[in-house]
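Chain letters run A, B, ... following the sequence lines, proteins first, then strands; residues in each count from 1.
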Amino acid sequence: AQSVTQLDSQVPVFEEAPVELRCNYSSSVSVYLFWYVQYPNQGLQLLLKYLSGSTLVKGINGFEAEFNKSQTSFHLRKPSVHISDTAEYFCAVSEIGGGSEKLVFGKGTKLTVNP
Amino acid sequence: DAGITQSPRHKVTETGTPVTLRCHQTENHRYMYWYRQDPGHGLRLIHYSYGVKDTDKGEVSDGYSVSRSKTEDFLLTLESATSSQTSVYFCATTPRTGLQETQYFGPGTRLLVL
């Protein structure tokens, strides 16, 4: 079964600084990878996803992530963050052909952008 | 965005009482999911539905049941609420089968079991 590890539970940064949120996964088969964002008191929404092809995926709000199969990682990056990026970010994985409808989420990383 | 609403948005109940949470969607999506979100655990799947009257268990299904009598509604029932079921509950939908599909989430229901 697949699993996801988000290496940092909290990441504080200053406005306009770059940020990287780390995600590693474990699976015995090929996977699809996702990043979701949850703003305070809201549900989750998709930031970006990797299905196949180019390993660099661009998402909404200037975020991007790079799939690294050898490192089993899918880190999320943004070159310059804004106060409005303060939210919790969830990495998620689903196994291709795994015979399940399950999307497995990491425990989340709280990003706080300070002025 | 898919039109997904959840009701109630907040509920306080007592241990041992039954509780039903409702998820309603207006997008005619086939798949619907119930998750619970707890600090330090991320989101965990409780049950999901792949069509009317078709449901299956997720990772943390003990103590929960679901029903889907029509495409737009997916109900989650706590038969006898316990304090360990205090959580934030999210409903999600996808339009088609396929693990590559984006899930669309409702705003959540915050449940407190005293």
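Within the 4.5 angstrom heavy-atom criterion, only side-chain atoms of A:Y36, from C-beta onward, approach chain B. Proximity to chain A is limited to the side chain of B:Q37, based on heavy atoms less than 4.5 angstrom apart.
With contacts defined as side-chain heavy-atom distances shorter than 4.5 Å, the pair B:Y48/A:L103 does not qualify.
In this structure, B:Y50 is a member of the same hydrophobic cluster as A:Y32, with clusters built from ILVMFWY side-chain heavy atoms closer than 4.5 Å. Residue A:V19 is grouped with residue A:W35 when hydrophobic side chains (ILVMFWY) are merged at heavy-atom distances under 4.5 angstrom, including chains of intermediate members. Clustering ILVMFWY residues whenever any of their side-chain heavy atoms sit less than 4.5 angstrom apart, transitively, puts A:V37 in the very cluster that holds A:V4. No path of Ile, Leu, Val, Met, Phe, Trp and Tyr side chains, each step under 4.5 Å between heavy atoms, connects A:V93 with B:Y31, placing them in separate hydrophobic clusters. Residue A:F105 is not grouped with residue A:L33 when hydrophobic side chains (ILVMFWY) are merged at heavy-atom distances under 4.5 angstrom, including chains of intermediate members.
Within 6.0 Å of CD in B:E14 there are 12 or fewer heavy atoms belonging to other residues, nucleotides or ligands.
The interface of residues 82-92 of chain A with chain B, defined by heavy-atom distances below 4.5 Å, comprises A:E88, A:F90.
Taken to the nearest 0.5 Å, the CG atom of A:L47 stands 11.0 Å off from the OG1 atom of B:T102. A distance of 7.5 Å separates OH of B:Y104 from CG of A:L46, quoted to the nearest 0.5 Å.
Side-chain contacts under 4.5 Å among hydrophobic residues (ILVMFWY), followed directly or transitively, place B:Y89 together with B:V19, B:L21, B:M32, B:W34, B:I46, B:V60, B:Y64, B:V66, B:F74, B:L76, B:L78, B:L111, B:V113.
Applying the salt bridge (charged side-chain N to carboxylate O under 4.0 Å, His left out) criterion to B:D38, with sequence neighbours excluded, gives B:R36, B:R44.
Listed by first and then second residue, the salt bridge (Lys or Arg N to Asp or Glu O under 4.0 Å) pairs that reach into residues 7-21 of chain A are A:D8-A:R22, A:E20-A:R77, sequence neighbours excluded.
Counting all heavy atoms, side chain and backbone alike, A:Q38 lies closest to B:F90 at NE2-CZ, 3.2 Å. The two residues B:R110 and A:N41 come nearest to each other via the heavy atoms NH2-OD1, 4.0 Å.
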